[in-house]
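This report refers to the structure that appears directly beneath it.
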Amino acid sequence: MSSIHSDDNLTEQILFAIRDSKESLSFRQLCKQFDICEDYLLKEIMKIKSWGYEIFHSFDRIEFIAAPNSLIDTEIKYKLETKYIGKKIFTYQETKSTNDIASNYACSGEDEGVVIIAESQSQGRGRLGRVWHSPPLKGAYISIILKPDFESEFAPAVSILAALSLAEAVKEFTDEKVQIKWPNDVLINGKKTGGILTELSADNKKINHIIVGIGININQTTDDFPNELKEIATSLAIESKKEINRSELIKRFLTHFEIEYEYYKKDKKLTQIDRIRSLSSLIGKEITLSFGKNQITGKAVDIDSNGALLVLDDEKTHVINSGEVTIVKK
Ligand code: BTN
């Protein structure tokens with residue numbers, strides 16, 4: 001496990017100044033702006049280059065050329081429009097699971113809004129004990145630490161809000177059909193492109209922390225998926241036939257998520273339910289729903305204001321809070 005997190009604020013400020021400038025900047029100008037000498041500036045430029053940025057510099061001028069393709073905290077923080085989510089990011093080249101790292105950070109006192117991102121995971125977890133396939137340079141594996149004041153009964157809705165936020169962000173990058181498959185998968189053209197694994201730590205009703213883990217398939221090709229996933233999983237790049245800037249997508253997701261989470265903290269109600277319903281891939285469909293040892297088959301008729309799925313079978317309308325759905329093929 002290796003952290004490539006940079007906490008060098010000055011280096012970041014210099015990078016952002018070079019990046020924001022429409023033309024090349026002179027060494028002298030930058031040294032004056034940051035009150036540093038030319039030798040120091042040169043060291044900073046070398047550091048920025050070691051992060052993977054392409055910077056052109058001659059003996060007296062500097063110009064931004066390109067950002068790295070890998071996921072680094074500096075790139076995600078650049079022009080990130082949130083108040084607190086993602087203002088502090090720890091990035092890793094490889095880790096077992098970002099949810100585990102986030103949980104450790106949360107226990108050791110890191111605040112709400114801290115984000116962990118890995119370039120790849122060796123033991124990425126999905127819901128129901130499944131594996132989340134996490135190859136490098138293709139997807140995004142993100143965990144967000146939350147420490148809300150509300151009680152644990154309000155926690156499940158956070159997963160649905162993460163799915164809504166991811167769907168809203170994905171919609172900005174593709175014209176294809178984006179849906180949410182209850183409880184919290186994000187689909188493009190009916191195939192899964194994102195999933196949420198929320199893990200709660202609480203004592204009785206008091207929440208210690210919530211870790212929201214988000215896996216997104218972004219630039220995978222069909223060959224990147226193992227055989228058993230090829231029929232059911234997809235990526236943004238496959239569906240929209242173009243490469244996606246992963247950092248930009250993550251930024252948009254974090255921005256949407258902060259907005260939805262802030263509303264929820266204030267109202268403790270899913271005021272977003274109409275948007276969730278209209279994105280649902282299940283409402284009106286005949287489904288089989290497995291929950292615990294039980295299974296029912298019926299019609300998915302609605303999602304209620306707590307995020308529960310309402311399923312009508314021959315007997316009655318069942319109100320189901322979590323489970324695994326398959327659509328019945330006619
Ligand atoms: C699912 O659809 O089953 C949920 C998948 C969640 C995967 C993400 S990737 C980042 C975070 N770390 C993990 O180990 N899992 C979640």
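All values below come from the heavy atoms of this structure, side chains included, with hydrogens, waters and symmetry mates left out. Note that the structure is predicted; figures quoted are calculated from it, not measured. For ligands, and for the atoms within them, numbers begin at 1 and follow the listed sequence.
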Report all N/O contacts between ligand 1 and the protein shorter than 3.5 Å as a table of atom names and distances to 0.1 Å; if there are none, say 'none'.
unit_1	atom_1	unit_2	atom_2	d
ligand 1	2 (O)	Lys192	NZ	2.5
ligand 1	3 (O)	Arg127	N	2.6
ligand 1	12 (N)	Thr98	OG1	3.1
ligand 1	12 (N)	Gln121	OE1	3.0
ligand 1	14 (O)	Ser97	OG	2.7
ligand 1	14 (O)	Arg125	N	2.7
ligand 1	15 (N)	Arg125	O	2.7

Donor-acceptor contacts under 3.5 Å from residues 200-212 side chains, at least two apart:
unit_1	atom_1	unit_2	atom_2	d
Ser201	OG	Asn208	ND2	3.1

Seminar exercise, completed: Quick note, salt bridge (Lys or Arg N to Asp or Glu O under 4.0 Å) partners involving residues 289-310, not counting sequence neighbours, are Arg277-Asp302

For this session: Any pair with a residue in residues 145-190 that passes ring pair (Phe, Tyr, Trp, His ring centres under 6.0 Å), sequence neighbours left out, goes on the list, sorted by first then second residue, please.
Result: Phe150-Tyr264

Exercise. Salt bridge or not for Glu81 and Arg252, using N-O below 4.0 Å?
Worked result: yes

Problem set entry | Heavy-atom neighbours of Asp267 CG exceed 12 at 6.0 Å | yes

For this session: Would you sort out whether Lys87 and Asp111 count as a salt bridge (charged side-chain N to carboxylate O under 4.0 Å, His left out), showing the intermediate values?
Result: CA-CA 11 Å; Lys87 288 294 171 186; Asp111 286 333; over 6 Å; no

